[in-house]
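For the numbers below, each heavy atom of this structure counts, side chains included, while hydrogens, waters and symmetry mates do not. Fair warning: this is a prediction, and the values are worked out from it, not measured in the lab.
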Amino acid sequence: MRKIKIFSIGILLILLVLFLGERKITSSTRASSADTVTVYNWGDYIDPDLITKFEKQSGYKVDYETFDSNEAMYTKIKQGGTSYDIAVPSDYMIQKMIKADMLKKLDHDKIKGLQNIDADFLDLEFDPNNQYSVP
(Lines give C-alpha, C1' and ligand atoms only; values in the text may rest on other atoms or scores of the structure.)
Protein backbone atom coordinates (compact mmCIF):
# COMPACT_ATOMS: atom_id res chain seq x y z
CA MET A 1 0.00 0.00 0.00
CA ARG A 2 2.87 2.38 0.80
CA LYS A 3 4.43 1.76 -2.63
CA ILE A 4 1.15 2.70 -4.34
CA LYS A 5 1.00 6.00 -2.41
CA ILE A 6 4.61 6.85 -3.30
CA PHE A 7 3.99 5.89 -6.93
CA SER A 8 0.82 8.05 -7.04
CA ILE A 9 2.60 11.04 -5.52
CA GLY A 10 5.43 10.61 -8.04
CA ILE A 11 2.98 10.60 -10.95
CA LEU A 12 1.23 13.70 -9.58
CA LEU A 13 4.58 15.50 -9.27
CA ILE A 14 5.50 14.58 -12.85
CA LEU A 15 2.11 15.83 -14.09
CA LEU A 16 2.56 19.08 -12.16
CA VAL A 17 6.01 19.65 -13.67
CA LEU A 18 4.69 18.94 -17.17
CA PHE A 19 1.71 21.26 -16.64
CA LEU A 20 3.88 24.13 -15.38
CA GLY A 21 6.39 23.60 -18.20
CA GLU A 22 3.63 23.69 -20.80
CA ARG A 23 2.27 26.94 -19.34
CA LYS A 24 5.72 28.55 -19.44
CA ILE A 25 6.25 27.50 -23.06
CA THR A 26 2.79 28.71 -24.08
CA SER A 27 3.24 32.10 -22.40
CA SER A 28 6.66 32.66 -23.99
CA THR A 29 5.48 31.83 -27.53
CA ARG A 30 2.33 33.88 -27.39
CA ALA A 31 2.07 36.86 -29.70
CA SER A 32 2.19 40.36 -28.27
CA SER A 33 -0.88 41.68 -26.54
CA ALA A 34 -3.02 44.21 -28.36
CA ASP A 35 -1.38 47.15 -26.56
CA THR A 36 2.24 45.99 -26.99
CA VAL A 37 4.52 46.28 -30.01
CA THR A 38 7.42 43.83 -30.05
CA VAL A 39 10.37 45.14 -32.06
CA TYR A 40 13.53 43.26 -33.08
CA ASN A 41 16.18 45.65 -34.38
CA TRP A 42 19.88 46.26 -34.73
CA GLY A 43 21.56 47.38 -31.50
CA ASP A 44 21.65 51.14 -30.88
CA TYR A 45 19.33 51.96 -33.81
CA ILE A 46 16.65 53.66 -31.74
CA ASP A 47 17.28 56.07 -28.89
CA PRO A 48 15.56 54.79 -25.72
CA ASP A 49 14.12 58.28 -25.19
CA LEU A 50 12.32 57.96 -28.52
CA ILE A 51 10.74 54.68 -27.39
CA THR A 52 9.59 56.34 -24.17
CA LYS A 53 8.13 59.27 -26.13
CA PHE A 54 6.34 56.84 -28.51
CA GLU A 55 4.87 54.92 -25.57
CA LYS A 56 3.55 58.12 -23.98
CA GLN A 57 2.05 59.47 -27.22
CA SER A 58 0.58 56.24 -28.56
CA GLY A 59 -0.38 54.36 -25.41
CA TYR A 60 1.43 51.27 -26.71
CA LYS A 61 4.14 49.52 -24.72
CA VAL A 62 7.28 48.66 -26.70
CA ASP A 63 9.18 45.43 -26.08
CA TYR A 64 12.51 46.20 -27.74
CA GLU A 65 15.08 43.49 -28.45
CA THR A 66 18.28 43.89 -30.42
CA PHE A 67 20.58 41.72 -32.52
CA ASP A 68 24.11 42.21 -33.82
CA SER A 69 23.94 40.39 -37.15
CA ASN A 70 21.39 39.39 -39.76
CA GLU A 71 22.33 35.77 -39.26
CA ALA A 72 21.68 35.90 -35.49
CA MET A 73 18.33 37.59 -36.13
CA TYR A 74 17.37 35.04 -38.80
CA THR A 75 18.26 32.09 -36.58
CA LYS A 76 16.28 33.39 -33.60
CA ILE A 77 13.17 34.11 -35.67
CA LYS A 78 13.46 30.80 -37.53
CA GLN A 79 13.68 28.87 -34.24
CA GLY A 80 10.46 30.46 -33.03
CA GLY A 81 9.58 31.01 -29.41
CA THR A 82 9.04 34.74 -29.78
CA SER A 83 6.72 36.59 -32.12
CA TYR A 84 7.86 39.98 -33.38
CA ASP A 85 5.55 42.65 -34.73
CA ILE A 86 8.44 44.47 -36.37
CA ALA A 87 11.84 43.14 -37.41
CA VAL A 88 14.52 45.23 -39.12
CA PRO A 89 16.74 43.00 -41.28
CA SER A 90 18.95 44.17 -44.15
CA ASP A 91 17.82 43.94 -47.76
CA TYR A 92 19.38 40.57 -48.66
CA MET A 93 17.94 39.02 -45.49
CA ILE A 94 14.45 40.27 -46.31
CA GLN A 95 14.61 38.35 -49.57
CA LYS A 96 15.84 35.23 -47.75
CA MET A 97 13.05 35.53 -45.17
CA ILE A 98 10.42 35.95 -47.90
CA LYS A 99 11.63 32.75 -49.57
CA ALA A 100 11.53 30.94 -46.21
CA ASP A 101 7.92 32.14 -45.64
CA MET A 102 8.95 33.94 -42.44
CA LEU A 103 7.27 37.28 -43.16
CA LYS A 104 3.64 38.28 -43.42
CA LYS A 105 2.42 40.47 -46.24
CA LEU A 106 1.75 44.06 -45.28
CA ASP A 107 -1.68 45.65 -45.52
CA HIS A 108 -0.78 48.97 -47.16
CA ASP A 109 -4.23 50.36 -46.34
CA LYS A 110 -3.25 50.31 -42.65
CA ILE A 111 0.13 52.02 -43.12
CA LYS A 112 -0.11 55.80 -43.07
CA GLY A 113 2.44 57.94 -44.88
CA LEU A 114 3.64 55.54 -47.58
CA GLN A 115 2.95 58.24 -50.15
CA ASN A 116 5.58 60.40 -48.41
CA ILE A 117 8.43 57.95 -49.11
CA ASP A 118 10.62 58.85 -52.06
CA ALA A 119 10.11 56.46 -54.99
CA ASP A 120 13.85 55.68 -55.02
CA PHE A 121 13.34 53.73 -51.78
CA LEU A 122 10.24 51.79 -52.84
CA ASP A 123 9.75 48.69 -54.99
CA LEU A 124 13.33 47.54 -54.59
CA GLU A 125 14.58 44.31 -56.15
CA PHE A 126 14.44 42.30 -52.92
CA ASP A 127 10.74 43.16 -52.32
CA PRO A 128 8.86 44.37 -55.42
CA ASN A 129 5.68 46.30 -54.58
CA ASN A 130 6.81 46.45 -50.93
CA GLN A 131 4.66 43.47 -50.10
CA TYR A 132 6.75 42.53 -47.02
CA SER A 133 8.81 45.58 -46.15
CA VAL A 134 8.86 49.36 -46.11
CA PRO A 135 11.83 51.66 -45.68
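- Cluster annotation: Leu122 and Leu106 are assigned to the same hydrophobic cluster (Ile/Leu/Val/Met/Phe/Trp/Tyr, side-chain heavy-atom contacts under 4.5 Å, transitive).
- The list of ring pair (Phe, Tyr, Trp, His ring centres under 6.0 Å) pairs with a residue in residues 49-72, not counting sequence neighbours, reads Tyr40-Phe67, Trp42-Phe67.
- In this structure, OH on Tyr132 lies 12.0 Å from NZ on Lys104, to the nearest 0.5 angstrom.
- Side chain to side chain, Asp63 and Thr36 fail the donor-acceptor criterion of an N or O pair below 3.5 Å.
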(request) Start with the C-alpha distance between Glu65 and Thr82, add both sets of side-chain angles, then the distance that settles side-chain contact (heavy atoms from CB on, under 4.5 Å), and finish with yes or no. (result) CA-CA 11 Å; Glu65 294 183 33; Thr82 305; 4.1 Å; yes
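- Between the side chains of Ser133 and Asp127, at least one donor N or O sits under 3.5 Å from an acceptor N or O.
- We find the CD1-CD distance between Ile94 and Glu125 to be 12.5 Å, quoted to the nearest 0.5 Å.
- Rounding to the nearest 0.5 Å places CD1 of Ile77 at 5.5 Å from CE of Met102.
- At distances below 3.5 Å, at least one donor-acceptor pair connects side-chain atoms of His108 with backbone N or O atoms of Asn130.
- Within 6.0 Å of atom CG in Asp44, 12 or fewer heavy atoms from other residues, nucleotides or ligands are found, so the atom counts as exposed in its surroundings.
- Thr38 pairs with exactly one of Val62, Asp85, Ile86 by the side chain to side chain contact (heavy atoms under 4.5 Å, CB included) rule, that one being Asp85.
- A donor-acceptor distance shorter than 3.5 angstrom exists from the side chain of Asp107 to the backbone of Asp109, with no hydrogens or angles considered.
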(request) Go through Val39 and Val37 one step at a time and tell me if the side-chain contact (heavy atoms from CB on, under 4.5 Å) criterion holds. (result) CA-CA 6 Å; Val39 179; Val37 177; 3.8 Å; yes
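- Taking 4.5 Å as the limit, some side-chain heavy atom of Met97 sits within range of a side-chain heavy atom of Met73.
- Here the straight-line distance linking atom CG of Leu50 with atom CD of Gln57 works out to 9.0 Å at 0.5 Å rounding.
- Residue-environment remark: CG (Asp101) stays at or below the threshold of 12 foreign heavy atoms within 6.0 Å.
- The structure places CD1 of Ile51 at 13.5 Å from NZ of Lys56, a figure rounded to the nearest 0.5 Å.
- Lys96 meets the side-chain contact (heavy atoms from CB on, under 4.5 Å) test with Tyr74, Met93; sequence neighbours excluded.
- Here the side chain of Asp123 pairs a donor or acceptor atom with the backbone of Asn129 at under 3.5 angstrom.
- For OH of Tyr92, the number of neighbouring non-hydrogen atoms (other residues, nucleotides, ligands) closer than 6.0 Å is greater than 12.
- When hydrophobic clusters are built by joining Ile, Leu, Val, Met, Phe, Trp and Tyr residues whose side-chain heavy atoms come closer than 4.5 Å, directly or via intermediates, Leu124 is grouped together with Ile98.
- When atom types are taken as modelled, the side chain of Asn41 and the backbone of Thr66 share no donor-acceptor pair closer than 3.5 angstrom.
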